[in-house]
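Each remark here refers to the structure printed beneath this line.
Excluded from the calculations below are hydrogen atoms, water molecules and symmetry mates; all remaining heavy atoms, backbone and side chain alike, are included.
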Amino acid sequence: SIDVALGIPSRPVVPREPVSGTAYCYVNAGKSGTVTDMSKLEDLLKRENVVWAKPLTKVGAKAVGPADGLPTWLCDLFVRGKTAKDALDYLQAIEKENPVVVAA
């Protein structure tokens, strides 16, 4: 383009430090059973720094836990934080809240 021909940089300036950190995961079923509640996913979307909380199953669906085979993916979570470590800690805290409830 003309910018390159004139010596004007054509790419964005890259910051020396990351602007923010992100963390992403699929939450697996911790045990086998039936999905009974997914309402916490809607509440997660209202939280600051939660980019998305997408369901990957439905209420009434069967879920497989690690003791019985390959665990079922229950939801897809993506969060951001000031640093990558902050984002990962936040994501792991959300995961411990069991955003998708599986009853035996």
Side-chain angles (χ1 to χ4, degrees):
S1 81
I2 188 114
D3 292 343
V4 174
L6 295 173
I8 300 171
S10 62
R11 61 179 185 264
V13 177
V14 178
R16 292 180 189 263
E17 301 269 332
V19 177
S20 68
T22 60
Y24 173 85
C25 81
Y26 289 116
V27 175
N28 294 319
K31 63 181 179 183
S32 295
T34 304
V35 176
T36 59
D37 185 20
M38 297 181 64
S39 62
K40 292 180 184 177
L41 288 180
E42 294 171 17
D43 294 336
L44 285 177
L45 289 172
K46 298 173 187 171
R47 291 189 192 178
E48 186 176 357
N49 294 328
V50 173
V51 178
W52 71 58
K54 299 176 184 178
L56 298 174
T57 188
K58 296 179 180 181
V59 171
K62 299 293 181 194
V64 176
D68 298 318
L70 184 65
T72 303
W73 290 345
L74 302 175
C75 64
D76 178 10
L77 299 176
F78 183 39
V79 301
R80 64 179 160 243
K82 189 171 185 175
T83 66
K85 175 81 169 107
D86 291 340
L88 181 60
D89 290 345
Y90 186 45
L91 180 67
Q92 290 173 335
I94 290 172
E95 192 173 4
K96 287 179 184 175
E97 294 175 19
N98 294 321
V100 177
V101 179
V102 175

Item to check | Full working for side chain to side chain contact (heavy atoms under 4.5 Å, CB included) between Val50 and Tyr90 | outcome: CA-CA 9 Å; Val50 173; Tyr90 186 45; 3.6 Å; yes

Item to check | side chain to side chain contact (heavy atoms under 4.5 Å, CB included) evaluation trace for Val64 with Thr72 | outcome: CA-CA 5 Å; Val64 176; Thr72 303; 3.7 Å; yes

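Here the closest non-hydrogen pair linking Met38 and Val100 is CG-CG1, 3.9 Å. The shortest non-hydrogen separation linking Val35 to Ala63 is CG2-CB, 4.3 Å. Considering every non-hydrogen atom in both Pro66 and Ala29, the closest pair reads CD-O, 3.3 Å. Minimum interatomic distance between Pro99 and Leu44 (heavy atoms only, all atoms of both residues): CB-CD1, 3.8 Å. Closest non-hydrogen pair, Leu45 versus Ala53, comes out as CD2-N, 3.4 Å. In this structure, Leu91 and Val79 approach most closely via the heavy-atom pair CB-CG2, 3.8 Å.
Trp52 CH2 to Phe78 CZ: the interatomic distance, rounded to the nearest 0.5 Å, is 5.5 Å. Interatomic distance, CG of Asp86 versus CG of Asn49, reported as 9.5 Å (0.5 Å rounding). The distance from the CG atom of Asp68 to the NZ atom of Lys62 is 12.5 Å, given to the nearest 0.5 Å.
The side-chain heavy atoms of Leu56 and Leu74, taken from C-beta on, include no pair separated by under 4.5 Å. The shortest side-chain heavy-atom distance between Leu77 and Lys54 does not fall under the 4.5 Å cut-off.
Listed by first then second residue, pairs satisfying salt bridge (Lys or Arg N to Asp or Glu O under 4.0 Å) with a partner in residues 95-104 read Arg47-Glu97, not counting sequence neighbours. The ring pair (Phe, Tyr, Trp, His ring centres under 6.0 Å) contacts involving residues 56-76 comprise Tyr26-Trp73, where partners must be two or more places apart or lie in separate chains.
Both Val102 and Val59 are assigned to one and the same hydrophobic cluster, defined by single-linkage of ILVMFWY side chains at heavy-atom distances under 4.5 Å.
Scanning for salt bridge (Lys or Arg N to Asp or Glu O under 4.0 Å) contacts around Lys85 gives Asp89, with sequence neighbours left out.
Looking only at atom types and distance, the side chain of Lys82 has no donor-acceptor partner in the side chain of Ser20 under 3.5 Å away.
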